[in-house]
Amino acid sequence: MNQVSDRIAALAPSATLAMSQKSQELKAQGIDVINLSVGEPDFNTPDHIKAAAQKAISDNFSFYSPVPGFMPLRKAIVEKLKKENGLDYEASQIIVSGGAKQSVCNAVLCLVNKGDEVIIPAPYWVSYIEMVKLAEGSCVIVKAGMDQNFKMTPAQLEAAITPKTKLLILCSPSNPTGSVYSKSELKALADVLAKHPNVYILADEIYEHINYIGKHESIAQFAEIKDRVIIVNGVSKGYAMTGWRLGWIAAPEWIAKACNKLQGQYTSGCCSITQKAAEAAYTGDQSCVEEMRKAFERRRDLVVDMIKNIPNLNMSHKPDGAFYVFPECKSFFGKKTPKGDVINSASDLAMYLLVEGHVACVGGESFGDPDCIRMSYATSEENLKEAFSRIKNALAALK
Ligand code: PMP
Ligand code: GLU
């Protein structure tokens, strides 16, 4: 008999990983599926980073690593924050973990008590909600639709804050929408937060380097709230290192200490080889980051143009960062597939596109917007052209 705990029974599986898994299963059956479901760069990790890992193996970096990370890596992150973001942190405020995902979860578990409210603007990344559930917090979803470029306004934030609010989770550049908050938009949110000293801010900046409108802006730059901001970042997206598993937080020291304590009981330090690779990523030549960013920008332009030519797939804005498009697809709801099945939701549409069109996407429901569908363009231009031609044909077959 299945006696899994209530906590895990209540947890939804990751929709992004589930769609990716389905697409791999079809591929294993010999079906040529193009996977636009999971968000991961298709580039190989740059050579100088791989070489640092190879050297770390030869140099016997094979022992337990310090729970918060090796000091040279934490110092390299402090340097990066100073140089790229103009932010001052001490190494004691940096905790390295096994991925930005773990860092978000650490911070949520360290801050949120049962019944605390966590404000999450929608659309949001799938895992935030489930992490808050694990912490027994309560999610307060603020809908920021396409008409407002998927960005929460200061008035919406103000209206969502209650005496029970503990945390705001803000993701910019955003997964799944690609929206990027400007400095003045962040300042306006910071002005609201300055009036509420009990609210903490988790700034998920994992897509920092995939930005098409210029310099990355962090909400931690505003002095009046900096001592309540937890920056989450890592090497997965900007350095094409998703499989290496390394993320980090920069946070007030007491929060860093709490995350360290949690990791000490739960995972220990992150993989020693990966840490040496990440140190090389942060201290080495940064031109690889810019090359990949430029490639993503070309793909963004290509995909935006292709979507314009697909009737009833609506996207009113051009995403400014990350590598996702999140068009509205609700005009297909109620239509019938050639086999006679009715498309009732974005997930039905994603399943139809996968099974009949052989392109994997993710329905917007698990991102908090059931009218939209997410497509990742972190794949080659050739794949993208083929994928969008398949999508166009499959959608045209819906009557
Ligand atoms: N935050 C966001 C918004 C993401 O899209 C992802 C997906 N990778 C993560 C965090 C987790 O990143 P990592 O692979 O470093 O765990
Ligand atoms: N963050 C990526 C995505 O949204 C990777 C999958 C995951 O970790 O959820 O597709």
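All ligand and atom numbering here is 1-based and tracks the order in the structure.
Less than 4.0 angstrom separates some heavy atom of Lys101 from each of these atoms of ligand 2: 7 (C), 8 (O), 9 (O). Against a heavy-atom cut-off of under 4.0 Å, Lys237 is close to the following atoms of ligand 2: 1 (N), 2 (C). Residue Ser14 approaches ligand 2 through these ligand atoms, each under 4.0 Å from one of its heavy atoms: 9 (O). The ligand atoms of ligand 2 that sit less than 4.0 angstrom from a heavy atom of Val38 are 5 (C), 6 (C), 10 (O).
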Which donor-acceptor pairs under 3.5 Å do side chains of residues 44-56 form with protein atoms, sequence neighbours excluded?
{"residue": "Thr45", "atom": "OG1", "partner": "Ala240", "partner atom": "O", "Å": "2.7"}
{"residue": "Thr45", "atom": "OG1", "partner": "Trp244", "partner atom": "NE1", "Å": "3.0"}
{"residue": "Lys55", "atom": "NZ", "partner": "Asp59", "partner atom": "OD2", "Å": "2.5"}

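Of all the heavy atoms in Ile201 and Leu167, the pair that sits closest is N-CD1, 4.1 Å. Here the closest non-hydrogen pair linking Gln275 and Gly69 is OE1-CA, 3.2 Å.
One finds the CG atom of Asn149 at 14.0 Å from the CE atom of Met152 (value rounded to the nearest 0.5 Å).
A side-chain donor-acceptor contact under 3.5 Å links Ser103 and Ser97. Defined by atom type and a distance below 3.5 Å, a donor-acceptor pair is present between the side-chain atoms of Asp204 and Tyr128.
Using a 4.0 angstrom heavy-atom cutoff, Ser127 does not count as in contact with ligand 2. Note on ligand 2: Met19 sits outside its first shell, no heavy atom being nearer than 4.0 Å.
Contacts of Tyr324 with ligand 2, taken as heavy-atom pairs under 4.0 Å, involve the side chain alone. Contacts of Glu40 with ligand 2, taken as heavy-atom pairs under 4.0 Å, are absent altogether. Contacts of Asn175 with ligand 2, taken as heavy-atom pairs under 4.0 Å, involve the side chain alone.
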Go ahead and list the nitrogen or oxygen contacts between ligand 1 and the protein that come in under 3.5 Å, distances to 0.1 Å, or just say none.
{"residue": "ligand 1", "atom": "1 (N)", "partner": "Asp204", "partner atom": "OD2", "Å": "2.6"}
{"residue": "ligand 1", "atom": "5 (O)", "partner": "Asn175", "partner atom": "ND2", "Å": "2.6"}
{"residue": "ligand 1", "atom": "5 (O)", "partner": "Tyr207", "partner atom": "OH", "Å": "2.6"}
{"residue": "ligand 1", "atom": "8 (N)", "partner": "Lys237", "partner atom": "NZ", "Å": "2.6"}
{"residue": "ligand 1", "atom": "14 (O)", "partner": "Ser236", "partner atom": "OG", "Å": "3.0"}
{"residue": "ligand 1", "atom": "14 (O)", "partner": "Arg245", "partner atom": "NH1", "Å": "2.9"}
{"residue": "ligand 1", "atom": "15 (O)", "partner": "Ala100", "partner atom": "N", "Å": "2.8"}
{"residue": "ligand 1", "atom": "15 (O)", "partner": "Ser236", "partner atom": "OG", "Å": "2.6"}
{"residue": "ligand 1", "atom": "16 (O)", "partner": "Ala100", "partner atom": "N", "Å": "3.1"}
{"residue": "ligand 1", "atom": "16 (O)", "partner": "Lys101", "partner atom": "N", "Å": "2.9"}
{"residue": "ligand 1", "atom": "16 (O)", "partner": "Arg245", "partner atom": "NH2", "Å": "2.7"}

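A salt bridge links Glu84 with Lys80: at least one charged nitrogen is closer than 4.0 Å to a carboxylate oxygen.
Remark: minimum distance from atom 9 (O) of ligand 2 to any protein heavy atom is reached at Thr16 OG1, 2.7 Å.
With sequence neighbours excluded, no residue forms a ring pair (Phe, Tyr, Trp, His ring centres under 6.0 Å) with Tyr212.
Annotation: Leu17 places no N or O atom under 3.5 Å from an N or O atom of ligand 2; distance criterion only.
Centroid-to-centroid, the aromatic rings of Phe323 and Tyr207 come within less than 6.0 Å.
Counting Ile, Leu, Val, Met, Phe, Trp and Tyr side chains that sit under 4.5 Å apart, directly or through other members, Ile213 shares a hydrophobic cluster with Val180.
A cation-pi arrangement, defined by a distance under 6.0 Å to the six-membered ring centre and an angle within 45 degrees of its axis, is present between Lys226 and Tyr89.
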